[in-house]
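This report concerns only the one structure given below.
Below, chains carry the letters A, B, ... as their sequence lines are ordered, and counting in each starts from 1. In what follows, every heavy atom counts, from backbone to side chain, and hydrogens, waters and symmetry copies are set aside.
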Protein chains: 2
Amino acid sequence: MQTPIPDIVVSRLPVYFQTLQTMQAEGQHTTSSKELGEKLGISAAQIRKDLSQFGEFGKQGTGYIISFLIDQLKTILNMDHSWDVAVIGAGNLGKAIAHYHGFAPQGFNIKLVFDTSPDLIGTNIGDLNILDIDELIPCIKKAGVKIAMLTVPDAAAQAVADELVKAGIEGILNYTSTPLNLPPRVVHLRHSDPVSQLQHMTYYIGKSK
Amino acid sequence: MQTPIPDIVVSRLPVYFQTLQTMQAEGQHTTSSKELGEKLGISAAQIRKDLSQFGEFGKQGTGYIISFLIDQLKTILNMDHSWDVAVIGAGNLGKAIAHYHGFAPQGFNIKLVFDTSPDLIGTNIGDLNILDIDELIPCIKKAGVKIAMLTVPDAAAQAVADELVKAGIEGILNYTSTPLNLPPRVVHLRHSDPVSQLQHMTYYIGKSK
DNA sequence: GAGAATTTGTGAATAATTTCGCAAATTCAG
DNA sequence: CTGAATTTGCGAAATTATTCACAAATTCTC
């Protein structure tokens, strides 16, 4: 790859991918950038430009064969195999994630769950045993897990994230409100704090009154 | 407001706001765009430009008085009063959100929880009674709630979202993987699907191997 | 089979965002 | 009190992202 694909383009691919999967589930075989764009509130040109970064997947006059485009996106997003995921923090949110059945069908297997609380360690969530966070590094290394979802209390977030890096984790989905300070070439971070997202909305909602 | 503030600027304000709150909690009184930027991995110039959209909050040579800047951001983000929130869907994620204690201190009160399941309707989550989703419109109208968090199964997402619009909801934080199609001037949408976020990361993680 | 209608991929134009660079204000060191 | 060091806010420049517009390929209509 000579010039890296812009991150903003990459961020749209999962949305295309999931929409195409829904279309396929509804029995549709082909689509066009126009149709996809209308469904997503994005311009057709943008979808074509985005996809053109990776190759030529469509056909003039016809559009895109959904199954083919799904396969291409699957490869591009490295979703042609499944990924193991660790959940750090078995509080309310961590538990909900560990219980959620929407990950596995999309190729994400919750493999490890950690917490600090002696009341939780050793108990089960579904068929997952909650592990002691002190064992984080050896357990993650042993399991070879590369992705972690961080659902610990804010105060612990940075320290736990530092441990995750030492354990060889390569991607952290951060649900805390603490912005993490980590070496950028080593770990891929995504901040998904619900409070920030609500505040982003209140900016606009307040304005309309 | 003549030219609207770019959304990308607005999206960064909650991060500044929360970081400043943390600094204040740690006893700090002033900061600079340089310090804030280093903490967040953002350039100092960008922070200054972002803030300059709303006014002049700093002082040359000194930087920013944290308490003052927090107050300003609180007003800008309309967080100078608290907001009531409805959670739609009392499955794993909905339950976790309803139980989560991180919202109230930041001014978001979970006021209503809805579900379809007769097994859940009438039962309690903490001191919140789960309501029948058939009562969505009258309950939300009566309570005057403006913000909803959507945690229903994918298949129901669009239909429920349409109801929310009819009920007068002005902001939806969408945790489903369904991209919602809603009138853009009426509702402010934020898509926060964990699967998409993981796929955004797998793009990069796969590349490094 | 001919002409109209679709639709892609892409170069060029436009628009949006970020970074640069610096005058002005302020603080700090001695 | 003086000179060095900070730091802001902002115009200008550079960079990045989106939209436009159209040739080329294909399908559709009759």
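- Between Gln53(A) atom CD and dT8(C) atom C1' there is a gap of 16 Å when expressed in whole angstrom units.
- Following rounding to the nearest Å, Lys34(A) (NZ) and dG9(C) (P) show an atom-to-atom distance of 17 Å.
- The base of dG9(D) does not come close enough to the side chain of Lys59(B) for any donor and acceptor atom to sit less than 3.5 Å apart.
- Contacts between residues 60-67 of chain B and DNA chain C, defined by a heavy-atom separation below 4.0 Å, involve Gln60(B), Gly61(B), Thr62(B), listed by number.
- Of the candidate nucleotides dG9(C), dC10(D), dT17(C), dC10(D) has the atom lying nearest to any side-chain atom of Arg48(B).
- Within the 4.0 angstrom heavy-atom criterion, no nucleotide atom of any strand lies near Leu51(B).
- For the pair Lys49(A) NZ and dT19(D) P, the computed distance is 11 Å after rounding to whole Å.
- The closest side-chain donor-acceptor pair between Ser177(A) and Asp154(A) falls under 3.5 angstrom.
- Using modelled atom types, one finds a donor on one side chain and an acceptor on the other under 3.5 Å when comparing His200(B) with Asp7(A).
- Contact check, Arg12(A) against dA17(D): no side-chain N or O comes under 4.0 Å of OP1 or OP2.
- Using modelled atom types, one finds no donor on one side chain facing an acceptor on the other under 3.5 Å when comparing Tyr204(B) with Asn78(A).
- Among dA17(D), dT7(C), dC10(D), the nucleotide with an atom closest to any side-chain atom of Ser32(A) is dT7(C).
- Between the side chain of Ser82(A) and the main chain of Phe108(A), no donor-acceptor pair closer than 3.5 Å is present.
- Gln46(B) has its CD atom 11 Å from the P atom of dT17(C), to the nearest Å.
- Side-chain proximity of Ser43(B) to dT19(C), dA17(D), dT8(C): nearest is dT19(C).
- One can place CD of Glu56(B) at 9 Å from C1' of dC10(D), the figure rounded to the nearest angstrom.
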